[in-house]
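Below: the structure, in structure tokens.
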There are 4 protein chains.
Amino acid sequence: MADTTNDQNQRDNIETEFDLLPDSELTEKHWKILEAAVRVFSEKGFGASRTSEVAKEAGVSEGTIFNYFKTKKDLLVGLLIPLVTRFFRPLILSSLERILSTRKERSIEEVLHDVTLDRVQLIQKNLPLIKTVAAEAAFHPELIDPLREQVAPKVIETMSRYFQAEIDNGTFRDIDPKLLFRTFASMVGGYILTRNVLPAEYEDADEEAELKQMVDIFLNGVKKQ
Amino acid sequence: MADTTNDQNQRDNIETEFDLLPDSELTEKHWKILEAAVRVFSEKGFGASRTSEVAKEAGVSEGTIFNYFKTKKDLLVGLLIPLVTRFFRPLILSSLERILSTRKERSIEEVLHDVTLDRVQLIQKNLPLIKTVAAEAAFHPELIDPLREQVAPKVIETMSRYFQAEIDNGTFRDIDPKLLFRTFASMVGGYILTRNVLPAEYEDADEEAELKQMVDIFLNGVKKQ
Amino acid sequence: MADTTNDQNQRDNIETEFDLLPDSELTEKHWKILEAAVRVFSEKGFGASRTSEVAKEAGVSEGTIFNYFKTKKDLLVGLLIPLVTRFFRPLILSSLERILSTRKERSIEEVLHDVTLDRVQLIQKNLPLIKTVAAEAAFHPELIDPLREQVAPKVIETMSRYFQAEIDNGTFRDIDPKLLFRTFASMVGGYILTRNVLPAEYEDADEEAELKQMVDIFLNGVKKQ
Amino acid sequence: MADTTNDQNQRDNIETEFDLLPDSELTEKHWKILEAAVRVFSEKGFGASRTSEVAKEAGVSEGTIFNYFKTKKDLLVGLLIPLVTRFFRPLILSSLERILSTRKERSIEEVLHDVTLDRVQLIQKNLPLIKTVAAEAAFHPELIDPLREQVAPKVIETMSRYFQAEIDNGTFRDIDPKLLFRTFASMVGGYILTRNVLPAEYEDADEEAELKQMVDIFLNGVKKQ
DNA sequence: TATGAATGAGGCTTCATTCAT
DNA sequence: CATGAATGAAGCCTCATTCAT
């Protein structure tokens with residue numbers, strides 16, 4: 001189901017399996033519970049979700065959940081593992097590394113556009129999970145400490161180096177590269193957010209074309225001259 | 001009511017009183033409860049907040065809360081009134097109207113920068129309230145229906161007309177003005193979000209200077225040539 | 001209103017004003033509260049009634065109720081005063097005395113029939129009050145202690161003497177007169193109860209004719225031969 | 001189920017086990033809660049009873065009650081099931097059918113007397129349950145809708161047919177058989193009621209003898225001649 | 001005396017968690 | 001390991017009662 005959109009005609013399918021399929025490290029039941037938790041939490045929010053419903057959704061008894069997760073909160077924290085493992089790790093390793101690696105052969109427009117489209121699709125696919133964690137993290141920041149302390153700095157640094165290189169070779173104007181990334185990421189994040197918050201206003205949009213234009217605005221705003 | 005002081009002459013801090021000060025229409029106790037609710041909800045989230053704590057924070061008995069709000073949920077909904085009344089109404093009426101009205105005399109850079117700085121400060125000041133409503137709205141979209149249906153279209157339309165005018169007179173490139181606004185708003189919103197989510201990364205930044213640069217990137221990216 | 005049925009063509013109108021009209025001993029507000037209490041209690045029962053609703057119904061503030069009745073329970077007890085004063089006192093004094101007093105001139109059928117019809121109408125008129133007190137008395141028997149200890153014995157004794165006289169003069173069979181009264185009263189009480197509990201079954205009945213037949217059954221069952 | 005022991009041979013106490021003993025259809029805990037509810041409700045009334053006390057009385061935790069009954073009101077409604085199942089169903093099926101079936105062999109006095117004594121004992125045994133439901137039904141008539149709509153008509157019809165037969169064969173006078181039953185039932189019901197409401201007056205009575213006399217009064221009042 | 005806002009004890013109900021089977 | 005009945009702490013909410021005005 002989530003894979004039906006994998007007919008991406010892009011260069012190569014960059015990470016395609018970020019939905020919650022069984023991992024080798026976890027038992028099948030473990031995964032069924034996690035999947036059910038994402039479904040339920042993302043519908044009602046963590047606080048308004050009931051372990052009984054997660055159990056029903058997962059097709060196990062309520063007691064079984066507590067054989068795998070000591071508390072309900074642990075179930076929420078448990079969702080972060082796949083989020084980090086499968087979502088952000090590739091974010092750094094695969095895609096971003098590829099940016100630099102293909103930099104020589106491809107135009108910056110192409111690279112940024114590919115990355116943008118890829119990230120947007122990845123986020124969209126994992127939106128329920130992200131929504132759940134984000135909403136709860138707003139009040140329990142420690143939930144995303146691993147992200148903030150380990151993942152974010154790497155992403156920021158990687159992208160900053162990339163932008164710095166463009167500044168150094170005279171392509172970009174001389175602006176703090178961290179601010180550049182912040183601006184770029186905000187644009188993309190805001191695009192996804194508004195798409196989901198204001199569906200009526202934007203539902204008939206051609207996503208790919210719009211993203212291209214956004215990247216275009218960014219690049220024009222950033223390029224020298 | 002809150003607008004009666006809007007006879008502020010110029011560019012200096014536009015609207016400063018959007019925090020939750022007593023309104024003439026509501027009793028003092030009514031307001032003390034709402035303020036306490038914002039404080040508590042924004043700390044722990046709606047679901048994890050206890051009416052007993054809101055009561056203690058407001059300095060009233062728990063029962064008194066329910067003399068003013070039939071249910072705990074009503075207390076949450078009650079927060080939207082000030083959000084709309086004091087936050088979004090001025091957003092449309094004051095600032096945005098001012099954009100068009102001062103367009104002739106001031107450069108577009110000046111105008112957008114003023115608006116940006118003003119909006120950021122306004123949001124920052126009301127961040128607890130916004131955070132609370134936003135987190136809950138993620139799972140109960142009907143909470144922000146009034147915003148989505150009444151406020152958002154007006155803002156989008158006002159800003160789009162403004163951008164359209166720039167396109168018409170050849171200043172901006174020919175891009176869907178709604179997408180322009182979406183991009184602009186995303187940048188600003190993302191700026192605030194990252195400032196609060198990744199404080200360590202960005203805490204030493206000069207906010208005003210950074211915002212100026214962001215507006216600059218946007219304008220450069222959008223301007224013809 | 002309650003008096004519109006006072007076109008009773010019977011011998012003479014035996015007590016007609018037992019509804020809750022102001023008494024000389026109580027202030028008007030006092031009475032308005034009592035009347036409202038009867039209305040509300042008889043609709044929802046004592047436990048499910050709210051003093052706030054009694055206040056609204058009485059057209060006074062909630063606090064005022066507690067100027068007249070120390071507690072809500074006192075309000076219930078307060079209802080018994082009129083019940084006794086206006087309902088049972090006449091029951092004994094007027095009607096029953098009249099039974100004996102007119103015994104000489106009228107047939108026993110006539111007397112019993114008059115009394116029965118009169119009692120039924122009186123009870124029907126005060127049914128809300130009676131229902132309220134009865135339901136609560138089921139769980140707080142002390143509520144009707146005054147009735148049980150003072151009123152009931154008198155009624156029983158008066159009626160028993162009356163029946164005993166019939167036995168003595170050979171009209172009635174030799175049955176314990178207390179049992180006679182118990183049987184007679186049960187018939188009448190049951191008639192009213194079933195009329196109100198099973199309305200569908202009995203609503204098209206001719207009340208007066210039926211009561212006449214019931215008295216008839218009783219008399220035939222009791223008369224010698 | 002409760003009827004399986006109805007192989008009682010003759011006139012001796014028909015149905016004796018109508019108290020709240022475990023049914024095969026309900027779990028033991030379910031029954032313990034119901035029994036406790038009857039005990040507590042019949043002591044204090046539904047409104048003044050506390051679920052905490054029902055729990056203590058039943059020997060379960062308060063939460064357990066709500067695993068079996070969604071609300072406190074459901075607990076009250078739940079009491080009607082045994083009331084109907086075990087009390088009124090036999091009322092119709094066993095005893096009343098028996099009236100007609102033994103009519104040929106036994107005198108009408110014998111039959112009516114047996115039925116009366118049996119019903120009185122049955123009611124006495126279930127008095128707490130009946131009292132509870134009756135008191136609440138006074139203000140929530142829908143509680144006894146099943147009784148009013150299904151049970152009562154059958155009882156009325158069965159008894160009426162029986163009385164009609166007596167009229168047809170010339171034993172009884174020509175009186176509406178429904179009124180006959182109403183009168184008869186009122187007498188019996190009133191007997192029980194006064195026994196419980198005015199205990200002091202009637203506590204030394206020989207119940208069986210009194211009931212015999214009451215039936216006698218009724219039969220004499222109803223018989224031709 | 002009348003008011004009605006404020007109180008706060010206590011009720012019903014929920015639900016994460018445990019544990020005997 | 002799976003189950004699900006039982007638990008009981010704790011939350012939301014009600015409402016009789018008080019008291020300052």
Side-chain angles (χ1 to χ4, degrees), chain A residues 27 29-30 32-33 46-56 58-76, chain B residues 27-30 32-33 46-56 58-75, chain C residues 27 29-30 32-33 46-56 58-76, chain D residues 27-30 32-33 46-56 58-75:
Chain A
T27 72
K29 200 155 282 184
H30 202 140
K32 281 201 328 201
I33 294 172
F46 175 74
S49 295
R50 308 295 157 223
T51 51
S52 60
E53 196 172 353
V54 175
K56 200 196 302 171
V60 302
S61 87
E62 206 170 352
T64 300
I65 289 181
F66 292 90
N67 290 335
Y68 290 90
F69 302 92
K70 213 152 49 142
T71 68
K72 187 191 175 194
K73 184 125 190 242
D74 280 357
L75 189 49
L76 177 65
Chain B
T27 71
E28 188 195 353
K29 200 148 284 185
H30 202 138
K32 283 204 321 204
I33 294 172
F46 175 75
S49 296
R50 307 295 157 220
T51 53
S52 60
E53 194 172 356
V54 175
K56 201 196 301 173
V60 301
S61 85
E62 201 170 356
T64 300
I65 289 180
F66 294 93
N67 289 338
Y68 291 89
F69 303 91
K70 245 201 327 249
T71 67
K72 186 191 174 194
K73 181 119 190 250
D74 277 358
L75 188 49
Chain C
T27 71
K29 200 154 283 185
H30 203 136
K32 282 200 328 200
I33 293 172
F46 176 74
S49 295
R50 309 294 155 223
T51 52
S52 62
E53 195 173 354
V54 175
K56 201 197 300 173
V60 302
S61 86
E62 205 169 351
T64 300
I65 289 180
F66 292 90
N67 290 337
Y68 290 88
F69 302 91
K70 214 155 47 148
T71 68
K72 187 193 175 192
K73 182 125 192 241
D74 279 358
L75 190 48
L76 177 65
Chain D
T27 71
E28 187 196 353
K29 201 148 283 183
H30 202 139
K32 284 204 322 203
I33 294 172
F46 175 74
S49 295
R50 308 293 156 222
T51 53
S52 59
E53 196 172 355
V54 175
K56 201 195 301 171
V60 301
S61 86
E62 201 169 357
T64 300
I65 289 180
F66 294 91
N67 288 338
Y68 291 89
F69 303 91
K70 244 197 335 243
T71 67
K72 187 191 174 194
K73 182 122 191 247
D74 278 359
L75 188 49

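In what follows, every chain begins at residue 1, and chains take the letters A, B, ... in the order their sequences are listed.
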Would you tell me whether E62(A) and S52(A) have side-chain atoms, one donor and one acceptor, within less than 3.5 Å of each other?
-> no

One should read off an interatomic distance between I33(D) CD1 and E28(D) CD, to the nearest 0.5 angstrom, of 11.0 Å

Nucleic acid footprint by protein, nucleotides 10-16 of chain E - heavy-atom cut-off 4.0 Å, B for base, S for sugar-phosphate alone | -SBBBSB

With K72(D) as the cation and F46(D) as the aromatic partner, state whether NZ or CZ is under 6.0 Å from the six-membered ring centre and within 45° of the axis.
-> yes

Measuring from L75(C):CG to F66(C):CZ, what's the distance to the nearest 0.5 Å?
-> 8.0 Å

Side chain of K29(B), backbone of A58(B): donor and acceptor closer than 3.5 Å?
-> no

Intra- and inter-strand pairs of DNA chain E in dot-bracket (Watson-Crick or G-U wobble, both distances under 3.5 Å; | for another strand) = .||||||||||||||||||||

Sugar-phosphate, base or nothing in reach of Y68(D), heavy atoms under 4.0 Å = sugar-phosphate

Nearest heavy-atom neighbours spanning D74(A) and K70(A) | OD2-CB, 3.4 Å

Opening and closing nucleotides of DNA chain F in contact with chain B, under 4.0 Å to non-hydrogen atoms | dG11(F) to dT14(F)

Closest non-hydrogen contact found for T51(D) with I65(D) is O-CD1, 3.5 Å

With rounding to the nearest 0.5 Å, note down the distance linking OG1 in T64(D) to CG in N67(D).
-> 5.5 Å

Tell me: CD1 of I65(B) to C1' of dG8(E), nearest whole Å?
-> 13 Å

